[in-house]
Number of protein chains: 2
Amino acid sequence: MNNKPGLSHGICQLIDALQCLPGVGSKSAERMTWQLLQHQTAQARHLAHSIEHALDTVNPCQSCNMLCDELTCEYCRHPGRDPQVLCVVESPSDVLALEQTASYRGRYFVLKGHLSPIDGLGPNEIDIPKLFALVTEHPITEVILATNPTVEGEATAHYIAEQLKSKHITTSRIAHGVPMGGHLHYLDSHTLRHAFIERKRL
Amino acid sequence: MNNKPGLSHGICQLIDALQCLPGVGSKSAERMTWQLLQHQTAQARHLAHSIEHALDTVNPCQSCNMLCDELTCEYCRHPGRDPQVLCVVESPSDVLALEQTASYRGRYFVLKGHLSPIDGLGPNEIDIPKLFALVTEHPITEVILATNPTVEGEATAHYIAEQLKSKHITTSRIAHGVPMGGHLHYLDSHTLRHAFIERKRL
């Protein structure tokens, strides 16, 4: 820890600790520290309690890894959801995004991120064996791969698809193309190329 | 609190609590929450403890309001600093910025922000009476007003200068002008106008 001259240990420790938050560097962390200690001590105490409370009550769903406060999440417990279709995503926030579309009524499986050998993230680290166990034990007819359309997300989808092919399970990948409401002019050429290749006859 | 469908109470509470941090809206708070609960539980626990520790140990200096972990801060205790010159700033971070210049060896007084009637911040709320008491009780020869060069900072400096004039204490304001290393082309016309009016004969 960098103990800044003129700052007490408690302040330096807080500036350091805040930098674990995504997108927060040393300058933002300093600004947050002053704000919390000078103007928002009540909110700061509430924030500390909220972090502790979430850490103590929230855990990954035993079945699908979605974060929840019971043994299994509400999507796995819900009797109205189709247990034969499984959608694989990279993060709990992707489940929420897909739920907002109100167009999917199957189950989910949340990976712990994506494959990234350079960061030491192999199949075991992101819970792919747990996914295969789930697929083998349950009568699943289709696995929809909805990892992010990034290099790592594509590689993760490709890896899972290859492995499931040997288990004779149908896999599908969410469609790539031009996003609704956008302008072609602003789109990257990679996406546009994909949209052309995957064009549909009307 | 907005309880999002599909999210446990603990997660919603944490997303809400994180939004007390400056510059953090609902989307960033969600991203931070997933990061903390999915990948960084140890760092999250450390962050909660650091906030509690800072709140329990850090307090404003009895004399100057600088945040510290003793009754008075190291600037007020330091025997080598000139007790006759007082520099007034808006925030503890401004003290650190001025200390980095290594060109000022007087004392400080940290206001609790700036005057802003629209936000209910009058002289009492930002501790101006404590400043006047300090100035009256100690043999201070000059008060340097180093509030920010914003509308509110200027108004605060002006208010303090007017009040101290009646106490026959010399006040000064940090210089406005073109910042070193910049280009005139990119500077706002207000600053440039100031730099022209305040030009110095060589």
Side-chain angles (χ1 to χ4, degrees), chain A residues 4-11 13-24 28 30-60 65-70 73-75 91-93 95-96 99 110 112-113, chain B residues 4-11 13-24 28 30-60 65-70 73-75 91-93 95-96 99 110 112-113:
Chain A
K4 279 206 168 196
L7 286 187
S8 78
H9 174 76
I11 295 177
Q13 192 184 36
L14 180 52
I15 292 173
D16 249 45
L18 281 165
Q19 290 176 55
C20 77
L21 296 171
V24 176
S28 313
E30 265 188 45
R31 189 166 151 240
M32 288 172 172
T33 299
W34 303 126
Q35 179 86 7
L36 291 178
L37 297 180
Q38 216 192 1
H39 301 292
Q40 302 195 311
T41 49
Q43 291 97 321
R45 186 80 65 181
H46 177 67
L47 173 58
H49 292 172
S50 300
I51 295 172
E52 295 267 12
H53 178 71
L55 288 170
D56 293 340
T57 59
V58 176
N59 51 268
N65 274 350
M66 179 64 186
L67 291 177
C68 61
D69 53 4
E70 298 190 46
C73 74
E74 64 166 284
Y75 305 109
S91 141
S93 58
V95 173
L96 299 187
E99 279 301 298
V110 182
K112 290 184 172 168
Chain B
K4 278 203 168 198
L7 286 186
S8 78
H9 175 77
I11 295 177
Q13 191 185 36
L14 180 52
I15 292 173
D16 248 45
L18 281 165
Q19 291 177 55
C20 78
L21 296 171
V24 177
S28 312
E30 263 188 46
R31 190 167 150 238
M32 289 173 171
T33 299
W34 303 126
Q35 179 85 6
L36 291 178
L37 297 180
Q38 216 192 1
H39 300 292
Q40 303 195 312
T41 49
Q43 290 97 318
R45 187 79 66 181
H46 177 67
L47 173 59
H49 292 172
S50 300
I51 296 172
E52 295 267 13
H53 178 70
L55 287 170
D56 293 339
T57 60
V58 176
N59 52 269
N65 274 350
M66 179 66 187
L67 292 177
C68 60
D69 53 4
E70 298 192 44
C73 73
E74 65 167 283
Y75 305 110
S91 139
S93 58
V95 172
L96 298 186
E99 281 300 298
V110 182
K112 291 185 171 166

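Within every chain, numbering begins at 1; the chains are lettered A, B, ... in the order of the sequence lines, protein sequences first and strands thereafter.
Between A/Arg31 and B/Ser93, every side-chain heavy-atom pair lies at or beyond the 4.5 Å cut-off. Side-chain contact between B/Tyr75 and B/Glu99 is present, with at least one heavy-atom pair separated by less than 4.5 Å. Using a 4.5 Å heavy-atom threshold, the side chains of B/Met32 and A/Pro22 count as touching.
Contacts of A/Val95 with chain B are absent, with no heavy-atom separation under 4.5 Å from either backbone or side chain. Heavy atoms closer than 4.5 Å to chain B are found in the side chain of A/Leu96, but not in its backbone. Only the side chain of A/Gln40 comes within less than 4.5 Å of a heavy atom of chain B; its backbone N, CA, C and O stay farther away. With a 4.5 Å cut-off on non-hydrogen atoms, A/Gln35 touches chain B through its side chain but not through its backbone. Contact of B/Leu67 with chain A is made through backbone and side chain together, with heavy-atom distances under 4.5 Å.
By number of non-hydrogen pairs under 4.5 angstrom with chain A, the leading residue of B/Ile51, B/Leu18, B/Leu55 is B/Leu55. Interface check for chain B: of the options A/Glu74, A/Arg45, A/His53, the most heavy-atom pairs under 4.5 Å are formed by A/Arg45. Taking chain A as the reference chain and counting heavy-atom pairs below 4.5 Å, the highest number among B/Gly113, B/Cys73, B/Ala54 is found for B/Ala54. When each of A/Asp56, A/Val24, A/Thr57 is scored by its heavy-atom pairs under 4.5 Å with chain B, the top score falls to A/Asp56. Each of B/Gly10, B/Ser50, B/Ser91 has some count of heavy-atom pairs under 4.5 Å with chain A, and the biggest count is that of B/Ser50. Chosen from A/Thr33, A/Leu37, A/Leu36, the residue pairing most often with chain B at heavy-atom distances under 4.5 Å is A/Leu37. The residue among B/Val110, B/Asn59, B/Ile11 with the most heavy atom pairs within less than 4.5 Å of chain A is B/Ile11.
In this structure, A/Leu7 CG and A/Gln13 CD are separated by 13.0 Å, a value rounded to the nearest 0.5 Å. Between atom CD of residue A/Gln43 and atom CG of residue B/Asp16 there is a gap of 12.0 Å, rounded to the nearest 0.5 Å. Note that CG of A/Asn65 is 5.5 Å distant from NZ of A/Lys112, once rounded to the nearest 0.5 Å. The CD1 atom of A/Ile15 sits 5.5 Å away from atom CH2 of A/Trp34, with the distance rounded to the nearest 0.5 Å.
Defined by atom type and a distance below 3.5 Å, a donor-acceptor pair is present between the side-chain atoms of A/Glu52 and B/His49.
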